[in-house]
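Below is one structure, written out as structure tokens, with a few remarks after it.
Letters A, B, ... are given to chains in the order of the sequence lines, protein chains preceding strands, and every chain is numbered from 1. Please read all numbers here as calculations on a predicted model, not as lab measurements.
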2 protein chains.
Amino acid sequence: MNNLADVIEQWILRQMASEQDEIIMLRRNEMAEELACAPSQITYVLSTRFTIERGFIVESRRGSGGFVRIARIPVQTIVYQDAANQIDETISLEEVKVIVARLRSHNLMTSREAALVCKCFAVVYERIPAQERVPLLKSLLMTLANQNEV
Amino acid sequence: MNNLADVIEQWILRQMASEQDEIIMLRRNEMAEELACAPSQITYVLSTRFTIERGFIVESRRGSGGFVRIARIPVQTIVYQDAANQIDETISLEEVKVIVARLRSHNLMTSREAALVCKCFAVVYERIPAQERVPLLKSLLMTLANQNEV
DNA sequence: AGTCAAAAGGTCAATTAAAGTCAAAGTGCG
DNA sequence: CGCACTTTGACTTTAATTGACCTTTTGACT
């Protein structure tokens, strides 16, 4: 972990951890000075690591009084909600599995989680009639949406 | 055992043994230098011997600050098997949750997985009679045991 | 209001530092 | 011999880092 980009990433994450609202604001140049790196390096780290896919929103302003604001967002919730919305009485187990695979491929769940969820779904399909099934499937999916890493 | 690939394999295994967390990180080029071999030889050994089937996970990054991380994945299966053995017709949902919590605290599942599995169990308890329940609970648990990371 | 300079942050292309790929050549055993 | 496994190195791809130059924003001074 002696590469600059990683050091910067950790630095930012630590700052965020010390806030309780998951939002921080920083001055790019000050930070570059503190970390003894090129200011553009900060930009690089932000654009490679603090992406929307990884659940961050970065906003900034130039000019005097400029800043960079980094916020962590629960993107997951939105995508999961969307997935859950596709589930109704008519959907087949195979179709549900496709939805799970999509979540998996977007890194919104691990393959272990995908395997588990598919297994559960199989059980539900086997044992429970269609109408009762729907809310169960949805709530199982949303269980993952509402849990954050580790 | 005087072939290079085997020597490299042993070298890596010895490094791992000297760590207590079964994870090592190394620079491919440095290692190649130390072992006086072509860097690509390291790649070869990793891809033939440190495979997922043999219980390893290899991750790497190119570019400056690049690295190769090798992790041995524990023989979870035994612990999971043990957990599954504790499940019988008499066990309550609360007791099952305790078992899950233990697996979780030993890092044999993530908290997301734990949440998911508990949710599934709740569904099973609610809908399915005791005798039929047991094999389902066991097979759900073992689904996780048999899946390896990522 | 208009202008201008200073103070931010952004872009991009060039450079350097890894690791990966793959085909070809080598080795050794049944 | 023939086949499977090793070994190598030239070439490819990816990641990180920097610095020169660009754009936006503000505020002070006409």
- [ ] Mind calculating the distance between CG (Asp6(B)) and P (dT6(D)) to the nearest angstrom?
- [x] 7 Å
TODO: Whole angstrom is fine here: how far is it from CD in Glu30(A) over to P in dA7(C)?
DONE: 14 Å
Open item on the list: Once you apply a heavy-atom cut-off of 4.0 Å, does Ser60(B) come out as touching a base, just sugar-phosphate, or nothing?
Closed with: sugar-phosphate
Open item on the list: Using a 4.0 Å heavy-atom cut-off, does Gly66(A) contact any base of the nucleic acid, only the sugar-phosphate backbone, or nothing at all?
Closed with: sugar-phosphate
Open item on the list: Looking only at the side chain of Cys37(A) (C-beta and beyond, no hydrogens), which of the listed nucleotides dT18(D), dA16(D), dA18(C) gets closest?
Closed with: dT18(D)
TODO: Take Arg28(A) and Thr43(A) through the side chain to side chain donor-acceptor pair (under 3.5 Å) test and state the conclusion after the steps.
DONE: CA-CA 8 Å; Arg28(A) 192 183 73 151; Thr43(A) 308; 2.8 Å; yes
- [ ] Return the value, rounded to whole Å, for the distance between atom CD of Glu33(A) and atom P of dA7(C).
- [x] 14 Å
Quick one: which protein N/O atoms are closer than 3.5 Å to N/O atoms of nucleotides 25-29 of chain C? Pair and distance per line, please.
none

Open item on the list: Taking the minimum atom-to-atom distance to the side chain of Arg61(B), which one of dT11(C), dA16(D), dT7(D) wins?
Closed with: dA16(D)
Open item on the list: Measuring to OP1 and OP2 of dG9(C), would you say a side-chain N or O of Asn29(A) lies under 4.0 angstrom away?
Closed with: yes
Open item on the list: Between C1' on dC11(D) and CZ on Arg62(B), what's the gap in Å once rounded to a whole number?
Closed with: 12 Å
Task: Residues touching DNA chain D, which here means a heavy atom under 4.0 Å, drawn from residues 42-51 of chain A - done: Tyr44(A), Arg49(A)
Open item on the list: Measuring from the side chain of Ala5(B) (C-beta onward, heavy atoms only), which nucleotide among dT17(D), dT21(C), dT6(D) has the closest atom?
Closed with: dT6(D)
TODO: Could you give me the CA-CA distance, side-chain angles and deciding distance for Ser92(A) and Glu95(A), then say whether side chain to side chain donor-acceptor pair (under 3.5 Å) is met?
DONE: CA-CA 5 Å; Ser92(A) 72; Glu95(A) 289 169 315; 3.3 Å; yes
- [ ] Could you tell me the separation between the CD1 atom of Ile70(A) and the P atom of dG9(C), rounded to a whole number of Å?
- [x] 12 Å
TODO: Check whether any side-chain heavy atom of Val58(A) sits under 4.5 Å from a side-chain heavy atom of Arg69(A), and report yes or no.
DONE: no
Open item on the list: Testing Arg72(A), Arg49(A), Glu22(A) one by one against Phe56(A) for a side-chain contact (heavy atoms from CB on, under 4.5 Å), which residue passes?
Closed with: Arg72(A)
- [ ] Answer yes or no: are there more than 12 heavy-atom neighbours, outside Glu33(A) itself, under 6.0 Å from its atom CD?
- [x] no
Open item on the list: Using only modelled atom types and a 3.5 angstrom limit, is any donor from either the side chain of Ser40(B) or the base of dG9(D) paired with an acceptor on the other?
Closed with: yes
Task: Met25(A) CE - dA8(C) C1' separation (whole Å) - done: 13 Å
TODO: To the nearest Å, give me how far apart CZ (Arg69(A)) and P (dG10(C)) are.
DONE: 13 Å
Task: Atom-pair distance (CZ on Arg28(A); C1' on dT23(D)), nearest Å - done: 12 Å
Open item on the list: With a 4.0 Å cutoff (strictly under), does any side-chain N or O of Arg27(A) reach OP1 or OP2 of dA8(C)?
Closed with: yes
- [ ] Verify the contact: side-chain N or O of Asn3(A) to OP1 or OP2 of dT17(D), cut-off strictly under 4.0 Å; return yes or no.
- [x] yes
Task: Nucleotide opposite dT30(D) in a Watson-Crick or G-U pair, distances under 3.5 Å - done: dA1(C)
